[in-house]
Colleague: 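Next up is a structure, given as structure tokens.
Indexing begins at 1, ligand by ligand and atom by atom, following the structure's order. Along the sequence shown, the residues carry numbers beginning at 1.
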Amino acid sequence: MVFKLSALISLAALPKVLAHGGVLSYNIGGTIYQGWSPYNTPTGQTTIQRPWSTYNPILDATDPTIACNDDGTSGALQLTASAIPAGTPITAYWNQVWPHPYGPMLTYLAQCPGSTCTGVSAKTLKWFKIDQSGLINGTVFNGYWGSGKMIAQNSSWTTTIPATVPPGNYLIRFETIALHSLPAQFYPECAQIVISGSGTLAPTAAQLVTFPGGYSNSDPGLTIDIYSNQAQTETTYPIPGPPLYGSTSTGSSSVTKTTTTPTTTVSTPPPTSSVPVSTPGTVAQYGQCGGQGYTGATGCISPYKCTVLNAYYSQCL
Ligand SMILES: *[C@@H]1O[C@H](CO)[C@@H](O)[C@H](O)[C@H]1NC(C)=O
Ligand SMILES: *[C@@H]1O[C@H](CO)[C@@H](O)[C@H](O)[C@H]1NC(C)=O
Ligand SMILES: [Cu+2]
């Protein structure tokens, strides 16, 4: 009997893939980039995504693979998405349908020294957080979370590179954290991009972390028991990691969500309207309809509504 190797690999992988996964592809400014396939041979894989090794979650905030779900290295045929203007939305697609609706979504950037990220270990980099979504409404026990929203958005998450980010070579790290069981489950994957533009707002020291290092196993946002009695009335959730890039918060005492405008930018266009717009329009479901720096159409096709995701991105949902 002859078995196809790929069929054997799929069978072997099946029990693992049922309830877990990772980022499988990206849409950057309208271009689709396929990601790494962790269950195929590394030989010949050419992707902008860093190699990763398993659909299984990382269960320890100090795990040496927590930067990019791998050993930190680039692939033999590593690619980089070049000339991505700051201000561009990047969508990451998880396997369908992502199974874990309780927990935060987080997106980080790390700038590489020198002229490329290829060959640079993800563990040596300093990361800053450009997007986060924790408990959106309701209670910790049964509320609507960033990851629930990710599932509702076609198991995808869109983060717009802030227009203020300085040009250079970066890794972008999309992460979902699942809290349905403890320890918390981390699902991070990374891709290599070159950001262009004239941003000049460097992250502050307080906004920069290493991975491992950015999280601790005792962080309140990672030890929270969403099934406890307290969780049934708790409506705030402290998102793990450093304070958001561009904010003035120290992150040490407050979980209040605030949106602040960076103060030292040179080239931020005036904010466009980010108020929900209900006029019937032309933007399709999941399309961008507003946000700082955005100049396109703002009306969504019926029945979708323009919904503010963050200061830089509103989407038809
Ligand atoms: C939470 O937000 C979602 C999406 O906006 C909405 O569908 C849901 O009804 C809200 N739930 C509560 C309890 O407010
Ligand atoms: C949903 O996600 C898949 C990738 O997982 C993508 O191919 C498809 O175009 C997406 N659909 C929409 C409506 O965006
Ligand atoms: Cu899982």
Colleague: Between the side chains of Thr80 and Ser82, does any donor sit under 3.5 Å from an acceptor?
Modeller: no
Colleague: To the nearest 0.5 Å, tell me how far Gln34 CD sits from Leu79 CG.
Modeller: 12.5 Å
Colleague: I need the single residue from Thr159, Thr158, Thr160 that forms a side-chain hydrogen bond (donor to acceptor under 3.5 Å, both in side chains) with Asp131. Which is it?
Modeller: Thr159
Colleague: I'd like to check which ligand 2 atoms, numbered from 1 as shown, lie under 4.0 Å from a non-hydrogen atom of Gln96.
Modeller: 1 (C), 2 (O), 3 (C), 5 (O)
Colleague: Near ligand 1, which residues have a heavy atom under 4.0 Å away from one of its atoms?
Modeller: Asn137, Tyr144
Colleague: Name all residues meeting the ring pair (Phe, Tyr, Trp, His ring centres under 6.0 Å) criterion together with Phe128; count only those two or more places apart in sequence or in a different chain, and write none if there are none.
Modeller: Tyr245
Colleague: Quick one about Gln232 and Asn142 (side-chain donor to acceptor, distance below 3.5 Å, no hydrogens or angles considered), yes or no?
Modeller: no
Colleague: Is Asn154 close to ligand 2, meaning an N/O of one under 3.5 Å from an N/O of the other?
Modeller: yes
Colleague: Side chains of Trp94 and Thr176, heavy atoms from C-beta outward: is any pair under 4.5 Å?
Modeller: yes
Colleague: Indicate the ring-plane relationship of Phe211 and Tyr108, choosing parallel, tilted or perpendicular according to the 30° and 60° boundaries.
Modeller: perpendicular
Colleague: Tell me, which pairs form a salt bridge (charged side-chain N to carboxylate O under 4.0 Å, His left out) where one or both residues lie in residues 62-91, sequence neighbours left out?
Modeller: none
Colleague: Everything protein-side that's N, O or S and under 2.8 Å from the Cu ion (ligand 3): list it, residue and atom.
Modeller: Ala19 O, His20 ND1, His100 NE2, Tyr187 OH
Colleague: Could you tell me whether Trp157 and Tyr93 have their ring centroids closer than 6.0 angstrom?
Modeller: no
Colleague: Using 30° and 60° as the class boundaries, would you call the ring planes of Tyr187 and His20 parallel, tilted or perpendicular?
Modeller: tilted
